[in-house]
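Shown next, in structure tokens, is the structure this report addresses.
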Amino acid sequence: MEFTKMNGLGNDFIVWYGHQELPSDASELAVRLCDRHFGIGADGLVYILPSDKADFRMRIINSDGSEAEQCGNAIRCAAKYVYDRKHINREQITIETLGAGVQQVELTVENGAVRMVKVDMGEPILEGLKIPTTLDLTNVIDEPIEAGGSGFRFTAVSMGNPHCVIYVEDAPSFDLEAWGPKLECHPLFPKKTNVEFATVRSRKHIDMRVWERGAGPTLACGTGACATLVASVLNGYSDRRAMVSLKGGDLDIEWSEDDNHIYMTGPAEIVFEGRI
Ligand SMILES: N[C@@H](CCC[C@H](N)C(=O)O)C(=O)O
């Protein structure tokens, strides 16, 4: 099987092109191949498939074998892959996702290769988060949550996949390993959650570190950056457009007042090709 290794700000994927559908063993393959010692090593598998609604369809499997509804860094990688490998010759393309519908993607091309990708990530979902009991389902903003004997406050945002955004004093030095796993599997989130730890540096700049559902600490999370910007606006901390700095680099995120959509702009890279 031939694969391409790609990343978006260090959030890395094994990318497959040419399948008609997700293989039935995709989950086991993800666990084996994403292993950084016994496999190829990656945060997830990305399948670029045919679509009857868009130019392409993307499915993403986390390194633990679970499937995610959406992935911001992977969609930028998929867009670069199909353009650079000449499967499409347009700078505006559409990609269907499992949980966030069809997304419009705009490519910045230099010397025949994609350098930057802007994705219309759609509208953030603030309603219907399956959080039971006392919390108001339509507005889970700055609510208390307890994990491992410690108290935090969180804002819940879905970008098609679930995110729990928590503000901390200094995100880059925050102990992800201590709190990430406990919050990922917190009973408030029946489908588990991605957890973002954020520090607002100014109204236009947010530092964020992520503990991803099904993958643990990754260098970047595109949907997590979008969710963090939305949470920061809802809490009154930031403007509607800000740079979100992750361990692997920066994303430009805008929550448009005109159409309520989130626009994410960032790079994608092909690292190598291989056969397994
Ligand atoms: N890294 C991603 C998100 C990947 C999926 C996530 N782990 C989940 O299970 O929801 C991104 O860039 O958005």
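Numbering of ligands and ligand atoms starts at 1, following listing order.
- Under a 4.0 Å heavy-atom criterion, Q70 is in contact with ligand 1.
- Shown here for D142 and T155, the closest heavy-atom pair between the two residues is N-OG1, 3.1 Å.
- The neighbour count for K5 NZ, taken as heavy atoms of other residues, nucleotides or ligands under 6.0 Å away, is above 12.
- Residue G214 places no heavy atom under 4.0 Å from ligand 1.
- Atoms of ligand 1 found under 4.0 Å from any heavy atom of N73 (numbered from 1 in listed order, with element): 11 (C), 12 (O).
- In summary, the atoms of ligand 1 found under 4.0 Å from a heavy atom of A68, numbered by their order in the structure, are 5 (C), 8 (C), 9 (O), 10 (O).
- Numbered from 1 in the order shown, with element, the atoms of ligand 1 that lie under 4.0 Å from a heavy atom of N161 read 8 (C), 10 (O).
- Shown in contact with N62 at under 4.0 Å from a heavy atom are these atoms of ligand 1, numbered in order with element: 5 (C), 6 (C), 7 (N), 8 (C), 9 (O).
- Close approach of ligand 1 to G72 (heavy-atom distance below 4.0 Å) involves ligand atoms 11 (C), 12 (O), 13 (O).
- Short contacts between ligand 1 and T223, defined as distances under 4.0 Å to a heavy atom of the residue, involve ligand atoms 3 (C), 11 (C), 12 (O), 13 (O).
- Taken to the nearest 0.5 Å, the CG atom of L107 stands 12.0 Å off from the CZ atom of R76.
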Residues S245, D250; criterion side-chain hydrogen bond (donor to acceptor under 3.5 Å, both in side chains); working and verdict: CA-CA 4 Å; S245 293; D250 298 337; 2.9 Å; yes
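- Counting heavy atoms from C-beta outward, V82 and I93 have side chains that approach closer than 4.5 Å.
- With a 4.0 Å heavy-atom cut-off, ligand 1 is reached by the backbone of C71 and by its side chain too.
- One finds no salt bridge joining R57 and D52 here, because no Lys/Arg side-chain nitrogen approaches an Asp/Glu carboxylate oxygen to under 4.0 Å.
- Between atom CG of residue L45 and atom CZ of residue F13 there is a gap of 10.5 Å, rounded to the nearest 0.5 Å.
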Worked verdict on Q103 versus E96 for side-chain hydrogen bond (donor to acceptor under 3.5 Å, both in side chains): CA-CA 6 Å; Q103 302 200 313; E96 182 187 349; over 6 Å; no
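- Only side-chain heavy atoms of N194 come within less than 4.0 Å of ligand 1; its backbone N, CA, C and O stay farther off.
- The shortest heavy-atom distance from N11 to ligand 1 is under 4.0 Å.
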Side-chain donor-acceptor distances from residues 216-234 under 3.5 Å, at least two apart:
{"residue": "T218", "atom": "OG1", "partner": "E212", "partner atom": "OE2", "Å": "2.7"}
{"residue": "T218", "atom": "OG1", "partner": "A220", "partner atom": "O", "Å": "3.1"}
{"residue": "T223", "atom": "OG1", "partner": "N161", "partner atom": "ND2", "Å": "3.2"}
{"residue": "T223", "atom": "OG1", "partner": "H163", "partner atom": "NE2", "Å": "3.1"}
{"residue": "T228", "atom": "OG1", "partner": "G224", "partner atom": "O", "Å": "2.7"}
{"residue": "S232", "atom": "OG", "partner": "Y167", "partner atom": "OH", "Å": "2.8"}
{"residue": "S232", "atom": "OG", "partner": "T228", "partner atom": "O", "Å": "2.7"}

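- Short contacts between ligand 1 and G222, defined as distances under 4.0 Å to a heavy atom of the residue, involve ligand atoms 11 (C), 12 (O), 13 (O).
- Nearest protein heavy-atom neighbour of atom 4 (C) of ligand 1: E212 OE1, 3.2 Å.
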